[in-house]
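A short write-up of the structure that comes next.
Below, chains carry the letters A, B, ... as their sequence lines are ordered, and counting in each starts from 1. Being a predicted model, the structure only gives us computed values, none of them experimental.
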2 protein chains.
Amino acid sequence: MGHARNPTPRRPARAAPHPAAAAPLELGKLAGYLGYQIRQAQSAIFRDLARATRPLGVTPGEFSLLATLQHNPGLSSLRLAQAYRLDKTSLSLALKRLAGRGLIASNRNAGDRRYHALALTAAGRDVLRRATRRIEAQERAMDALLGPGERPLLLDRLGRIAAAFGR
Amino acid sequence: MGHARNPTPRRPARAAPHPAAAAPLELGKLAGYLGYQIRQAQSAIFRDLARATRPLGVTPGEFSLLATLQHNPGLSSLRLAQAYRLDKTSLSLALKRLAGRGLIASNRNAGDRRYHALALTAAGRDVLRRATRRIEAQERAMDALLGPGERPLLLDRLGRIAAAFGR
DNA sequence: TATTGTTATACTCTATAACTATA
DNA sequence: TATAGTTATAGAGTATAACAATA
């Protein structure tokens with residue numbers, strides 16, 4: 001910064017064998033694609049959030065499942081799988097892990113004994129509460145990057161995209 | 001809509017044993033989180049795009065790598081890994097697949113023989129060109145969901161988020 | 001010794017197929 | 001037969017550790 005300047009900015013002795021690691025890459029049209037930018041943002045958010053919730057023993061995806069169960073007690077695993085567009089087997093394994101850690105309970109429904117009603121346990125509610133604090137800290141950090149009123153706009157447009165390509 | 005209304009909206013014969021599969025779930029605070037909506041949008045876009053580019057034999061992630069190589073010929077695998085925040089081993093395997101399909105070439109650099117200069121092959125350029133058409137069709141579909149001038153705003157805000165949580 | 005890259009190995013997330021239990 | 005759920009297995013995608021080649 002305010003250092004002694006190089007009086008004769010001499011050329012590197014040999015042609016740069018490797019562009020400086022700091023030099024940003026040329027992205028071309030990629031930078032103008034919403035698909036690309038959404039993916040980069042998602043990946044950065046996920047990484048950051050995984051770090052924040054790791055001490056609690058839940059991943060961001062597991063947080064979503066717990067939160068959804070909180071608001072939809074008695075949900076069946078098939079309905080939950082449909083909502084997240086997962087195969088029922090994928091969700092079955094995820095639920096097994098959550099149940100193994102005592103965060104959710106699965107009880108056969110009295111009426112139709114084919115399906116199981118899912119619900120949070122007390123431990124699940126506790127983990128959810130603590131993870132929520134970390135999630136919301138991240139959301140506040142994002143607000144600092146947005147102009148006033150921009151959050152609802154972004155939420156709406158992202159929701160439209162998810163709905164349009166959802167099926 | 002303008003249909004004949006149900007004169008006597010009768011109750012279901014028995015208590016719904018299972019909420020209609022169509023009934024949307026209650027998301028609670030989840031719906032207001034940018035992290036959640038970005039993930040849902042990303043997942044829908046990725047799924048749609050994977051379907052569109054599957055006939056070409058490339059995934060959306062591979063498309064990004066090919067496009068980045070097109071604009072940065074001679075790039076080293078380490079620099080590419082840093083740009084995408086992947087471990088060099090993860091990228092090494094991805095590049096091996098692309099090279100195995102003849103889409104990229106890797107040549108030891110003459111000056112510093114430790115690193116390999118990556119470049120697209122003719123086949124790689126061809127696949128990239130054809131995948132680009134499909135990507136851009138998806139981008140146009142997204143524009144139909146946005147108001148005028150909203151794309152640059154979204155791109156900028158998503159870029160800020162990726163940069164802020166990037167490290 | 002430090003840097004670039006590869007191989008061996010493992011873990012997570014997802015899916016398809018085959019199965020069990022219930023209706 | 002149809003529906004809800006589980007288990008076995010396999011495929012991406014990613015990471016850590018150990019290694020080889022080059023500087």
Side-chain angles (χ1 to χ4, degrees), chain A residues 13-14 16-21 39 42-44 46-47 50-51 53-54 57-65 74-101 104-118, chain B residues 14 16-21 39 42-44 46-47 49-51 53-54 57-65 74-101 104-118:
Chain A
R14 37 174 201 167
H18 206 182
R39 189 152 97 108
Q42 195 276 328
S43 144
F46 190 90
R47 211 178 288 262
R51 200 181 312 124
T53 59
R54 186 165 307 125
V58 286
T59 64
E62 289 172 333
F63 169 80
S64 284
L65 293 179
L75 201 59
S76 75
S77 103
L78 192 59
R79 286 250 298 141
L80 191 52
Q82 288 164 346
Y84 280 96
R85 302 194 215 298
L86 293 175
D87 189 89
K88 61 180 179 172
T89 62
S90 307
L91 191 66
S92 180
L93 295 176
L95 294 175
K96 193 177 175 181
R97 282 194 294 275
L98 290 173
R101 278 180 273 151
I104 65 169
S106 171
N107 295 299
R108 251 184 212 280
N109 183 273
D112 184 334
R113 295 180 48 74
R114 283 175 302 184
Y115 81 87
H116 296 201
L118 299 169
Chain B
R14 38 172 200 170
H18 207 183
R39 189 154 98 107
Q42 195 276 330
S43 145
F46 190 91
R47 211 177 287 261
L49 206 52
R51 201 182 311 125
T53 59
R54 187 165 306 126
V58 286
T59 63
E62 288 173 333
F63 168 82
S64 284
L65 293 179
L75 202 59
S76 76
S77 104
L78 191 60
R79 285 250 298 141
L80 191 52
Q82 287 164 347
Y84 280 96
R85 302 193 215 296
L86 292 175
D87 189 89
K88 60 181 179 171
T89 63
S90 308
L91 191 65
S92 180
L93 294 175
L95 295 175
K96 192 176 175 182
R97 282 194 293 274
L98 290 172
R101 278 179 274 152
I104 64 170
S106 171
N107 295 300
R108 251 185 212 280
N109 182 273
D112 184 335
R113 294 178 50 73
R114 283 176 303 184
Y115 82 88
H116 294 201
L118 299 169

**OP:** Return the set of residues passing salt bridge (Lys or Arg N to Asp or Glu O under 4.0 Å) with A:Arg101 (not counting sequence neighbours), or none when no residue passes.
**Re:** A:Glu62
Subject >> Separation of D:dT7 P from A:Leu91 CG (nearest whole Å) >> reply: 14 Å
**OP:** Could you check whether A:Ser90 gets within reach of a base, just the sugar-phosphate, or nothing at all, counting any heavy atom under 4.0 Å?
**Re:** base
Subject >> Whole angstrom value for the distance that separates P of C:dT14 from CD of A:Gln82 >> reply: 16 Å
**OP:** Ignoring backbone atoms, test whether A:Lys96 places a side-chain nitrogen or oxygen under 4.0 Å from the OP1 or OP2 oxygen of D:dG5.
**Re:** no
Original post:
OP1 or OP2 of C:dT4 sitting under 4.0 Å from any side-chain N/O of B:Ser76?
Top reply: no
**OP:** Determine which pairs satisfy side chain to side chain donor-acceptor pair (under 3.5 Å) with at least one residue from residues 88-100 of chain A, sequence neighbours left out, and list them in order.
**Re:** A:Asp87-A:Thr89
Original post:
Rounding to a whole Å, what distance do you find between A:Arg85:CZ and C:dT14:P?
Top reply: 14 Å
Kindly give the atom pairs (protein nitrogen or oxygen, nucleotide nitrogen or oxygen) under 3.5 Å for nucleotides 8-13 of chain D.
{"residue": "D:dG13", "atom": "OP2", "partner": "B:Arg97", "partner atom": "NH2", "Å": "3.1"}

Original post:
Which nucleotide in the list D:dT22, D:dT6, C:dG5 gets nearest to the side chain of B:Arg113?
Top reply: D:dT22
**OP:** Please figure out whether A:Ala94 or A:Ala110 has its closest DNA chain C nucleotide nearer the 5' end.
**Re:** A:Ala94
**OP:** Report yes if at least one side-chain N or O of A:Ser77 is closer than 4.0 Å to OP1 or OP2 of D:dA4; otherwise report no.
**Re:** no
Original post:
Is there side-chain contact between A:Ser106 and A:Leu95, with heavy atoms separated by less than 4.5 Å?
Top reply: no
**OP:** Figure out the CZ/C1' separation between B:Arg39 and C:dC13, and round it to whole Å.
**Re:** 11 Å
**OP:** Please report, rounded to the nearest Å, how far the C1' atom of D:dA15 is from the CZ atom of A:Arg51.
**Re:** 15 Å
**OP:** Find the distance A:Arg79:CZ to D:dA4:P and express it as a whole number of Å.
**Re:** 11 Å
**OP:** Round to the nearest Å and state the distance from B:Asp87 atom CG to C:dA8 atom C1'.
**Re:** 14 Å
Original post:
Of the nucleotides C:dA23, D:dT6, C:dT6, which has the atom closest to the B:Lys88 side chain?
Top reply: C:dT6
Original post:
What residues, two or more places apart in sequence or in another chain, satisfy side chain to side chain contact (heavy atoms under 4.5 Å, CB included) together with A:Ala50?
Top reply: A:Arg54, A:Pro60
Subject >> Rounded distance in Å - CG (B:Leu78) to C1' (D:dA23) >> reply: 15 Å
Subject >> Earlier contact from the 5' end, DNA chain D, for A:Leu95 and B:Arg114 >> reply: A:Leu95
Subject >> Qualifying residues under side chain to side chain contact (heavy atoms under 4.5 Å, CB included), relative to A:Ala105, sequence neighbours excluded >> reply: A:Asn107, A:Thr121
**OP:** Would you check if A:Ser64 and A:Tyr84 make a side-chain contact, meaning some heavy-atom pair closer than 4.5 Å?
**Re:** yes
**OP:** Not counting sequence neighbours, which residues clear side-chain hydrogen bond (donor to acceptor under 3.5 Å, both in side chains) with B:Arg114? List them please.
**Re:** B:Asp112
